[in-house]
Number of protein chains: 2
Amino acid sequence: MKITQEADYAIRIIIHLSVLGKGNIVDAATIAENEGVTLRFTLKILRKLCKDNFIRSHRGVKGGYSLVKDPDEISLKDIIEVIDGDFAINKCLKDENACNLGKADTCNVHEALRGIQDIIIREFDKVKFSQLIKNKREYK
Amino acid sequence: MKITQEADYAIRIIIHLSVLGKGNIVDAATIAENEGVTLRFTLKILRKLCKDNFIRSHRGVKGGYSLVKDPDEISLKDIIEVIDGDFAINKCLKDENACNLGKADTCNVHEALRGIQDIIIREFDKVKFSQLIKNKREYK
DNA sequence: TTTAAACTCTACCAAAAAGGTATACTTTAA
DNA sequence: TTAAAGTATACCTTTTTGGTAGAGTTTAAA
């Protein structure tokens, strides 16, 4: 029941971009340095965030990355899903055939877990990045 | 954000024992066969459940395992914790020193995640095994 | 009192996932 | 034209997970 280290990094990266605000460009090296993640790994995460359209990249000299959406339109759920994939607290909730007893449809556990999962997703979706950058100053 | 396969098995094992009811003995081989888990792995899980006092073992011929508590006194949270350890949706919530920026105490994300984690734990704790065995018949 | 059906303990192993790095590009402002 | 940026793909290492093995110990019952 953990988010991955990579998702944690992705959250910090989006926080960094959120502080700068939608549309403002910053290069990967600056983010990496400030957030304590290696440049290479930062780049890898940034590419995933690009592919899912939360940020966009600007190639060439003076390039970098910028937020596509406003921080209050992006939730923890959104970013964790980009990295870790859909929330599924048990494999049978992602794929009913994964139940090795073949009875996901009649299983009380399955039903209970689905209820919990729905609540978890809702809670992660409630937290927007606008809230996460409260009291944060600009980076120099 | 998944429970492990092993925790899933443990849940089924406790369900099996819950159907039989507190104090009733069944041997590992029977559980293994009914729940679709190998005997060896079942034994391993049973030992962990013993150590944490949810079940007790009976050695020797006609031995096996039985529930120590009533099914309505055992929750999904209890059993998942036996196998997967304490719930901690991010490493910084288990150990504040794990924050590689060293600012768990002032971190907005940390604070938000703790709130979500508390809700998750509460939800898993709400589900008791008495509820999970509704409509389940005895095993033959 | 012997036997076999049970559980116990510790260690080990293989596969999968996670975390991270390397190489060889392409794009573009200045 | 050049160097500062991002891109794409592939690879590697470590940790976690899932599972197995071997050599015991205990005990009901014949």
Side-chain angles (χ1 to χ4, degrees), chain A residues 1-13 17 24-33 35-66 68 80 82-86 88-91 94 98 100, chain B residues 1-13 17 24-33 35-52 54-66 68 80 82-86 88-91 94-95 98 100:
Chain A
M1 293 297 303
K2 262 196 191 60
I3 65 172
T4 61
Q5 178 69 64
E6 191 180 357
D8 181 284
Y9 290 160
I11 292 169
R12 296 195 210 173
I13 289 170
L17 287 162
N24 284 98
I25 299 175
V26 62
D27 66 291
T30 302
I31 299 175
E33 214 173 297
E35 304 305 330
V37 184
T38 65
L39 175 57
R40 287 291 196 170
F41 206 27
T42 302
L43 285 164
K44 189 176 190 171
I45 295 165
L46 285 164
R47 243 170 289 128
K48 293 183 185 176
L49 292 166
C50 269
K51 194 171 274 180
D52 282 18
N53 280 107
F54 289 97
I55 65 178
R56 63 167 293 217
S57 69
H58 307 262
R59 302 184 71 163
V61 177
K62 297 272 172 186
Y65 298 86
S66 64
V68 166
I80 292 170
V82 169
I83 305 298
D84 292 349
D86 285 336
I89 62 175
N90 198 7
K91 59 175 184 173
K94 173 162 265 170
N100 47 2
Chain B
M1 293 297 302
K2 261 196 192 59
I3 64 171
T4 61
Q5 177 70 65
E6 192 179 358
D8 181 282
Y9 291 161
I11 291 169
R12 296 194 210 173
I13 289 170
L17 287 162
N24 283 98
I25 299 175
V26 62
D27 66 292
T30 302
I31 299 176
E33 214 173 296
E35 303 306 329
V37 185
T38 66
L39 174 58
R40 284 292 197 166
F41 205 29
T42 302
L43 285 163
K44 189 175 189 172
I45 294 166
L46 285 164
R47 243 170 289 128
K48 292 183 185 176
L49 292 166
C50 270
K51 193 171 273 177
D52 282 19
F54 289 97
I55 66 179
R56 64 166 293 217
S57 70
H58 307 262
R59 301 185 71 167
V61 176
K62 297 271 173 186
Y65 299 86
S66 63
V68 167
I80 293 170
V82 169
I83 305 297
D84 293 349
D86 286 336
I89 62 175
N90 199 7
K91 60 175 185 174
K94 172 161 266 171
D95 171 17
N100 47 2

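Atom set for the values below is all heavy atoms of this structure, side chains included, hydrogens, waters and symmetry mates excluded. The chains referred to below are lettered A, B, ... by the order of the sequence lines, with proteins before strands, and numbering in each begins at 1.
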Heavy-atom contacts, protein to nucleotides 17-22 of chain C, under 4.0 Å, summarised as B (base), S (sugar-phosphate only) or - (none) per nt, yield --SBBB
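Judged by distance alone, with hydrogens and angles left aside, the side-chain atoms of A:Thr30 form no donor-acceptor pair with the main-chain N or O of A:Val26 at under 3.5 Å. A donor-acceptor pair is defined here as one N or O able to donate and one able to accept, closer than 3.5 Å; such a pair exists between the side chain of B:Arg12 and the backbone of B:Glu35. With A:Asp84 contributing its side chain and A:Thr4 its backbone, the two residues share a donor-acceptor pair below 3.5 Å.
When the P atom of D:dA5 is taken as reference, atom CD1 of A:Ile55 falls 16 Å away, rounded to whole Å. The CD1-P distance, from B:Ile25 to D:dT26, rounds to 18 Å in whole Å. Rounding to whole angstrom units, NZ of residue B:Lys2 and P of D:dG18 are separated by 11 Å. If you take NE2 of B:His58 and C1' of D:dA29, they are 18 Å apart, rounded to a whole angstrom. Rounding to whole angstrom units, CG of residue B:Leu46 and P of C:dA6 are separated by 14 Å. Atoms CG (A:Leu49) and P (D:dT7) sit 12 Å apart, rounded to a whole Å. Look at CD on A:Glu33: it is 12 Å from P on D:dA5, rounded to the nearest Å. One atom, CG of B:Asp27, and another, P of C:dA6, lie 5 Å apart when rounded to the nearest Å.
A heavy-atom distance below 4.5 Å is found between the side chains of B:Ile11 and B:Ile3. Within the 4.5 Å cutoff, the side chain of B:Met1 has heavy atoms near those of the A:Met1 side chain. Inter-residue side-chain proximity for B:Glu6 and B:Ile45 is flagged as met; some heavy-atom pair is nearer than 4.5 Å. By the 4.5 Å heavy-atom criterion applied to side chains, B:Lys48 and B:Val82 are counted as neighbours.
The side chain to side chain contact (heavy atoms under 4.5 Å, CB included) test with A:Ile13 singles out one residue from A:Ile55, A:Leu46, A:Val37, and that residue is A:Leu46. Shown are B:Leu43, B:Thr42, B:Leu39; of these, the side chain to side chain contact (heavy atoms under 4.5 Å, CB included) with B:Ile31 is made only by B:Thr42.
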With both pairing distances under 3.5 angstrom for Watson-Crick or G-U wobble, and | for a partner in another strand, the correct string for DNA chain C is ||||||||||||||||||||||||||||||
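B:Ala28 comes within contact range of the sugar-phosphate backbone alone, with a heavy-atom separation under 4.0 Å but no base atom that close.
Between the side chains of A:Asn24 and A:Ser66, no donor N or O sits under 3.5 Å from an acceptor N or O.
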Between the protein and nucleotides 28-30 of chain C, which nitrogen or oxygen pairs come in under 3.5 angstrom?
none

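Other residues, nucleotides and ligands contribute over 12 non-hydrogen atoms within 6.0 Å of the NZ atom of B:Lys94.
The residue among A:Leu39 and B:Leu39 whose nearest nucleotide of DNA chain D is located toward the 5' end is A:Leu39.
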